[in-house]
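Let me begin by presenting the structure, written as structure tokens, before commenting on it.
Both backbone and side-chain heavy atoms feed into the values below; hydrogens, waters and symmetry mates do not.
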Amino acid sequence: MCGITGWASFHHDARTQAPVIEAMTATLAPRGPDAGGSWLGEHAAIGHRRLTVIDPTGGIQPMTDRPDAPATVLTYSGEIYNHHELRSRLRGLGHAFRTRSDTEVVLRAYAQWGEDVADHLEGMFAFAVWDERVGRLLLVRDRLGVKPLFWAAVDGGIAFASEPKALFAHPEIRPRVDADGLREAYSLLFNTGPTVWSGVREVEPGGLLVLDRGGARQRRYWQLEADAHTDDQEATAERIRSLVERAARSQLEADVPLCSLLSGGIDSTVLTALLADELRLREGPDARIRSYAVDYSDQAERFTGDVLRTGHDTPYAMEAGAFIGTDHSTVVLDPRDLLDPEHRKAVVVARDSPIGVGDMDTSLYLLFGEIRRHSTVALSGEAADEVFGGYPWFHNPKALAAATFPWLLVTGDEAAMPLNPELDLRIGEFRDDTYRSALAAVPHLDGETPVEHRQREMQHLSLTRWLRQLLHRKDRLSMAQGLEVRVPYCDHRLVEYAFTTPWALKSFDGREKSLLRAAGTGLAPDSVLHRPKNHYPATHHPDYNRGLQNMARDALATEQVRSLADETRIKPCLDTPPDQLPWGHRLRLERVVDLALWLDHYRPELTL
């Protein structure tokens, strides 16, 4: 896992711009703490920061197809899980290899298939190829959008980067925010393409961008399709287990220490069990995978349920670790550490955005920092809820009947920081228009029942929107600590198969994630296998709430924050006793604090 950046321009000679590409690359050092490099040609500059995972000596980037007069130059972030199979296939087609890295497989695959290269790759990736022979830049992003890739126009071409902060090191790109950007950020719709930053866009998940002298064009090479499903319940559960096993097995490769995130829920427990079994097959019966969970020093005494959490995770995680036979650790955080301004600023800078989930982001950042002391790669159960129908909105009649994005019934205006009404952003209208467009993009089969029709919409919205902000959060906070996180449930074959599976099979036992529970039989203790859905833990300590209220008051003392926030709707959150602060009100305060930190760090030009 790494950081990539660069630009291509047909109006200027990039060979004179070494300080610029070096400055852009330096901003990504946390993503690639092990090495860095750049390449300069007449019309392109390419930069790379490396986190060494596979082939430490051979995977140096930017990588060229030959050392003397390169025809193609690659900067690549991610992991290609089928790189061994592709290497054999490409050798059969006449390609020679200098290294055993998956990076070189991508480079040779481009030489063979050109811009169709992504059709042959399995994994999580974002990369850029500059083709000297024809003067063409190719940007490619993985199917689910696990790895980020941003771009912006420059004179005569475009610049690109893993994170917007690298773009802002280019002299033609400044951090600007307009009304459209605020609408994107605070509507909580998780569009891909536009960002909070004016002129900065994402390459779509499953998409690519090509730039040549004729201009830039984009297309999707992958998207979800609604195909007929012919397997019965037993065969479907067996197929799901096979696909999860295959994904876990393929993602266990690394030349550095590897671990698993084990929360005590069914998603991470099934995954960790499969990883542990595979590790024992490879290294012997005594091999044990490391596993990690997070907790707070006050959680056992102070836990109280809320709209997202039904129980304390730690006992279940410890039971799961003992059942599987992992080397399990619980990272215990002091809730007061979550108030540390330096930690909170680091999180905001990692996100390049004012929108997050407060203490849950800060605790995840600190958890990743602790894990990084022992491991370079971690595997996570992210996406199982989207793939298998785990969220409450799949099962709640009110959510199913609502004419809006289902998570807004939980997060919505109650949790979003209210913006100053004088800005007249018309977020409600924007949400309605975006919802209609989102539904229009959902594929359907002829003859679907109303239930199947609606559930396919819910799953498509969850996979193409809600999941993306979770993947964004996990990538940015883990890479800020130099930790690679892999997400086997995002394997596109698993996602495709589950998406075509009828809802009647996904919920055959009347509960959430029926198929994963059936596929995971024997891999988890019964207490975990049948445990209700529980979200990432949050602290319940009143001292945290009290400190957050004080930080929010300080934030509102700044003129720019007051110009953006609706103080009249934030005041009740400040006046509530700390031990009675509802979750939604607390999240409002989190966003006020994050807004102040974001404004202070980036000093964006606001054109509202």
Would you please test W466 and F190 for ring-ring contact (aromatic ring centres under 6.0 Å, His included) and show each step? CA-CA 7 Å; W466 181 257; F190 314 118; 5.8 Å; yes
Basic-acidic side-chain contact under 4.0 Å: D594, R351: yes
So, are D359 and R591 salt-bridged, with charged N and O less than 4.0 Å apart? no
Can you see whether T195 engages R201 through a side-chain donor-acceptor pair at a distance of less than 3.5 angstrom? no
Got a salt bridge between R486 and E484, using NZ or NE/NH1/NH2 to carboxylate O under 4.0 Å? yes
Geometric class of the W7/H170 ring pair [parallel <30°, tilted 30-60°, perpendicular >60°]: perpendicular
Does any donor atom in the side chain of N191 or R465 lie under 3.5 Å from an acceptor atom in the other side chain? yes
Can you tell me if R373 has over 12 outside heavy atoms packed within less than 6.0 Å of its CZ? no
Indicate yes or no: does R473 engage E382 in a salt bridge with an N to O separation below 4.0 Å. no
Report the C-alpha separation of Y76 and D102 in whole Å, then their side-chain angles, then the decisive distance to 0.1 Å, and conclude whether the side chain to side chain donor-acceptor pair (under 3.5 Å) test is met. CA-CA 10 Å; Y76 153 76; D102 59 337; 2.7 Å; yes
Just by distance, do the side chain of E278 and the backbone of R249 share a donor-acceptor pair under 3.5 Å? no
Modelled atom types, side-chain donor and acceptor of D491 and Y81, under 3.5 Å: no
Do R174 and E605 meet the salt-bridge criterion of a basic N to acidic O distance under 4.0 Å? no
Is it true that the side chains of Y221 and D116 contain a donor and an acceptor less than 3.5 Å apart? no
Could you go through residues 117-129 and list every donor-acceptor pair under 3.5 Å that involves a side-chain atom there, pairing it with any protein atom two or more places apart or in another chain?
from: H120; atom 1: ND1; to: R89; atom 2: NH1; distance (Å): 3.4
from: E122; atom 1: OE1; to: R493; atom 2: NH1; distance (Å): 2.6
from: E122; atom 1: OE2; to: R493; atom 2: NH1; distance (Å): 3.1

Do F150 and W197 have ring centroids that are under 6.0 Å from one another? no
Compute whether any side-chain donor of one residue and acceptor of the other, for Y292 and S260, lie under 3.5 angstrom apart. no
Using only heavy-atom distances, determine whether the side chains of S268 and S263 contain a donor-acceptor pair under 3.5 Å. yes
Under 3.5 Å, is there a donor-acceptor pair between the side chain of Y536 and the main chain of A538? no
If you measure from the Lys or Arg side-chain nitrogens to the Asp or Glu carboxylate oxygens, is any gap between R31 and D475 under 4.0 Å? yes
Applying salt bridge (Lys or Arg N to Asp or Glu O under 4.0 Å) as the test, list every pair that has at least one member in residues 251-262; sequence neighbours left out. R100-D255
Pair R476 + D352: basic N to acidic O under 4.0 Å: yes
Under a 3.5 Å cutoff, is there a donor and acceptor pairing between the side chains of D155 and H12? yes
With no hydrogens and no angle check, just 3.5 Å: does a side-chain donor-acceptor pair link T192 and E202? no
